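In what follows, every heavy atom counts, from backbone to side chain, and hydrogens, waters and symmetry copies are set aside. All values derive from a computational prediction rather than experimental measurement. The residues of the chain are indexed from 1 along the displayed sequence.
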Amino acid sequence: IAFTGRQVSTEGQPNPAQVSAQHGVDHYGDPGAIRSLVDETLAALQLPADYVRSGDRVVLKPNWVKEHDERHPGPDQWEHVVTHPAVIEAVVRWVAAQLNGEGSIIVCDAPQTDSSFSTLSRYCGLDEMIDRCRADFPGPKIELLDLRPEEWHAVDGVTVSKTQLPGDPLGDTFVALNEASEFVGFSGNGQLFGASFNMDETNERHQGERHEYMLCRTPMDADVFINLPKLKTHKKVGLTCALKNLVGINANKNWLPHHTEGTPDQGGDQFPAATTKAKLEHSWMGRAKRVVYGRPLLSRLLVPLKKVARLFFGDTQKVVRSGNWHGNDTCWRMVLDLNKCLFDFDGVGQPRKRPMRYLAVVDGVVGGEGNGPMAPDRKPCGTIIAGTHPAAVDMTAAMVMGFDWERIRLLKNCFSMKERSFVSFQPSEIHVTSNKPEWAGPLGQAIGWFQFSPHFGWVGAIEREPESAETKR
C-alpha cells in the first residue's frame, strides 16, 4: 500500500500500530473486575509515563447513542447499546490518578438527536458515577456534558418537535476540509442524505471541493482525547467502534452525509436494487418527507402515513433501505473526514500546531451483534481493546468480531486516503498484545475470534472465511 498526498502528523500517537486486546469478565456485575480488566489493557500498551500530564484537559467520549434498544424502550435495555458506566468510571479513575490533582476530565457525547439524555443518565447512573469520582479525586474538575444544541421529539421515527439545549459551553468548531475530503469527486454529491429531511442543507455543505463540518469545540480543544466506543455492528458501515464514534462530536449532524438517495442504477446507495417498490418508495416517501420538513403539524400527519407505508414497503428491521447495507459508499467517507478533522484541526478550526494525544478504549465486555447500532442483540465477549490509533483499534475489533477488515470499506479505505491521511502505518505492522494466546501477535495471524452476526444488510459480505476459523466461538 503506497501512501499519497499530505500526511497528518501522528507524533502524538506512540506506537500507533500497537493494540492491546485483553480477555476477562463478560458481564458488568463486578465493577472491580471491570476496572482491573481496563487497567490491564492500558498497562499492556506501555504508554509513555507523561501521556496524561498534570493540568491536562482530558475529554472522554463514550458511545451514548440511545438510552435503550430501539425495539424495547425502557430500563434494563441499554447494556448492549451504549458504553457501560463501569468502563467509563475505570478510565476516569485511570486518568484522574495521573492528573495529580490538577486539570479537568469532561465525559461528553452528542447522542442521537431524538435520544433523551436525562433518561440515559438515569438508566446508567451517570450522575452517581461522576459523584463517586469527584469524591475520590477532589482536585481535577470532573464534568458530565450533553454536547447537543437541540433534542428532537420523534414519533415512529418522524420528528414532530424540537427542544433547544445549551450545547457545548465552548461553542462550535467550523472545519473547511474542502479538497482533503473523501467526498471530492464522489458521484453521489448533490443527492446526499444527512440526519434529517432537509437534504438542501446537507448538499449545500458538500459540493465540488467544498466540504464542511461543524464540530463541538470541547473535544477539539482537548489535550488528550479518549475515545470510549462500544463494540457493535453497524447498519451503514459494518461495525461501529473508534472511527465511527466521532459522529458524536458534531454540533450539526445534518452536515454529515449518511447515504446517497436513489438506487444503484441512479448512482445511489439508498437501496441495494432498483426494484419497483424501491423506486416507488424513493419517489413517494421522499416527496412526503420534503413536504413536511419544518412543519410540525404536517409532520404528525406523516406518522400514520408511515405506518401504512410500512405495510406495503416493509419494516426497516427486515427490509434494506436508507443505505443500511454493505453497498453504502457514502457513510465511510463522512467517518474518515471526521477523523481527519479531529487529528488535523484545533478548536478554532485551524491546522494543529502540535499533535493531539489520542487513546481509544473499547467496551467489548458485552457487545452488540445483528441489527446494530440501535437494535443489536447482546453478545457477551469479555474483552477490552485499546490503542493510540483508531484504524488499528478498529481493525483489531473487526478481527475479534470475526469480520474481514479488507471487506469493510471504512477500514480498507483508511489506507487509500489521498489528502490529510492520518494513517502512518501498513496493515502488516499491526501487532496485538493479549492475554488470549490466539489473539497475540501480528493481526493477520489471529484466530479464536467471536462470530458476530452482522446487520442483515451485511450478511455474507464481511464475515471471515469459515476455512480460516481454526478456532471458533
Side-chain angles (χ1 to χ4, degrees), residues 8 57 59 61-65 106 108-115 117 145-152 159 162-184 186 188-222 225 227 236-237 240 243-260 293-294 330-352 356 358 390 419-420 422:
V8 172
R57 295 169 295 175
V59 170
K61 166 45 180 94
N63 182 335
W64 283 335
V65 62
I106 301 175
C108 60
D109 189 20
Q112 185 163 288
T113 320
D114 63 357
S115 299
F117 191 85
L145 184 61
D146 179 1
L147 295 171
R148 299 175 300 172
E150 60 184 14
E151 183 172 299
W152 298 352
T159 302
K162 299 180 180 181
T163 301
Q164 296 301 121
L165 300 174
D168 189 335
L170 296 185
D172 306 328
T173 298
F174 173 80
V175 174
L177 198 56
N178 294 337
E179 70 280 354
S181 170
E182 294 300 304
F183 284 102
V184 171
F186 178 49
N189 290 338
Q191 292 298 315
L192 302 174
F193 190 94
S196 78
F197 301 154
N198 185 3
M199 287 181 60
D200 289 342
E201 180 182 39
T202 309
N203 288 278
E204 179 185 358
R205 299 296 171 178
H206 296 278
Q207 51 181 298
E209 290 195 351
R210 177 188 181 184
H211 298 282
E212 301 167 339
Y213 295 92
M214 186 67 72
L215 300 110
C216 304
R217 184 161 180 174
T218 290
M220 298 295 288
D221 259 348
F225 181 85
N227 199 342
K236 297 188 191 297
V237 291
T240 173
L243 290 164
K244 179 65 171 62
N245 203 34
L246 290 198
V247 167
I249 65 169
N250 282 266
N252 189 332
K253 293 184 180 178
N254 202 40
W255 290 22
L256 307 181
H258 284 68
H259 72 261
T260 301
Y293 175 75
T330 307
C331 197
W332 68 264
R333 300 172 188 272
M334 172 265 287
V335 173
L336 293 188
D337 275 7
L338 293 180
N339 282 267
K340 291 181 182 185
C341 291
L342 178 70
F343 279 109
D344 209 24
F345 293 86
D346 61 18
V348 294
Q350 296 299 312
R352 291 189 181 276
M356 167 177 277
Y358 175 100
E419 295 293 337
R420 295 192 186 274
F422 55 91

Student: For the CH2 atom of W64 and the SG atom of C108, what is their distance to the nearest 0.5 Å?
Tutor: 8.0 Å
Student: Using side-chain heavy atoms (C-beta onward) and a distance below 4.5 Å, is P257 in contact with H206?
Tutor: yes
Student: Could you check if a side-chain atom of L338 sits within less than 4.5 angstrom of a side-chain atom of I249, using non-hydrogen atoms only?
Tutor: no
Student: To the nearest 0.5 Å, what is the distance between CG (D172) and CG (L147)?
Tutor: 10.0 Å
Student: Should P390 and Y358 count as side-chain neighbours, where that means a heavy-atom distance under 4.5 Å?
Tutor: yes
Student: Is any side-chain heavy atom of D114 closer than 4.5 Å to one of E151?
Tutor: no
Student: Answer whether the closest heavy-atom distance between the side chains of Y213 and L177 falls below 4.5 Å.
Tutor: yes
Student: Provide the closest heavy-atom pair for K340 versus R420 in the form atom of the first, atom of the second, distance.
Tutor: CG-O, 3.5 Å
Student: How long is the gap from CG on D109 to CG on D146, to the nearest 0.5 Å?
Tutor: 8.0 Å
Student: Angle between ring planes, F422 versus F343, binned at 30° and 60°: parallel, tilted or perpendicular?
Tutor: parallel
Student: Side-chain contact, heavy-atom cut-off 4.5 Å: E204 with R210?
Tutor: yes
Student: Show the nearest heavy-atom pair for residues P111 and F117, with the distance to one decimal.
Tutor: CG-CD1, 4.0 Å
Student: Out of curiosity, L215 CG to M220 CE, how far, rounded to the nearest 0.5 Å?
Tutor: 5.0 Å
Student: What verdict does the side chain to side chain contact (heavy atoms under 4.5 Å, CB included) test give for N252 and E201, after you've listed the backbone C-alpha separation in whole Å, the side-chain angles of each residue and the deciding distance to 0.1 Å?
Tutor: CA-CA 10 Å; N252 189 332; E201 180 182 39; 3.2 Å; yes
Student: So, for K244 and V237, which heavy atoms are closest and what is the spacing to 0.1 Å?
Tutor: CD-CG2, 4.1 Å
Student: Would V247 and M334 count as a side chain to side chain contact (heavy atoms under 4.5 Å, CB included) if you check the C-alpha gap in whole Å, the side-chain angles of each, and the deciding distance to 0.1 Å?
Tutor: CA-CA 9 Å; V247 167; M334 172 265 287; 3.9 Å; yes
Student: Looking at N254 and N198, would you say the former's side chain and the latter's main chain have a donor-acceptor pair under 3.5 Å?
Tutor: yes
Student: Taking side chain to side chain contact (heavy atoms under 4.5 Å, CB included) as the test, write out the residues that go with N189, two or more places apart.
Tutor: F183, F186, L192, H211
Student: Do H258 and K236 touch side chain to side chain, with heavy atoms closer than 4.5 Å?
Tutor: yes
Student: Between D221 and R217, does any side-chain N to carboxylate O distance fall below 4.0 Å?
Tutor: yes
Student: Are any of the side-chain heavy atoms of P219 and D168 separated by less than 4.5 Å?
Tutor: yes
Student: Start with the C-alpha distance between I106 and K61, add both sets of side-chain angles, then the distance that settles side chain to side chain contact (heavy atoms under 4.5 Å, CB included), and finish with yes or no.
Tutor: CA-CA 8 Å; I106 301 175; K61 166 45 180 94; over 6 Å; no
Student: Has the side chain of D337 got a donor or acceptor atom that lies under 3.5 Å from a matching backbone atom of E182?
Tutor: yes
Student: Going from CG on L256 to CG on N250, what distance comes out if it is rounded to the nearest 0.5 angstrom?
Tutor: 4.0 Å
Student: Check whether R148 reaches the backbone of G167 with its side chain - one donor and one acceptor, N or O, closer than 3.5 Å.
Tutor: no
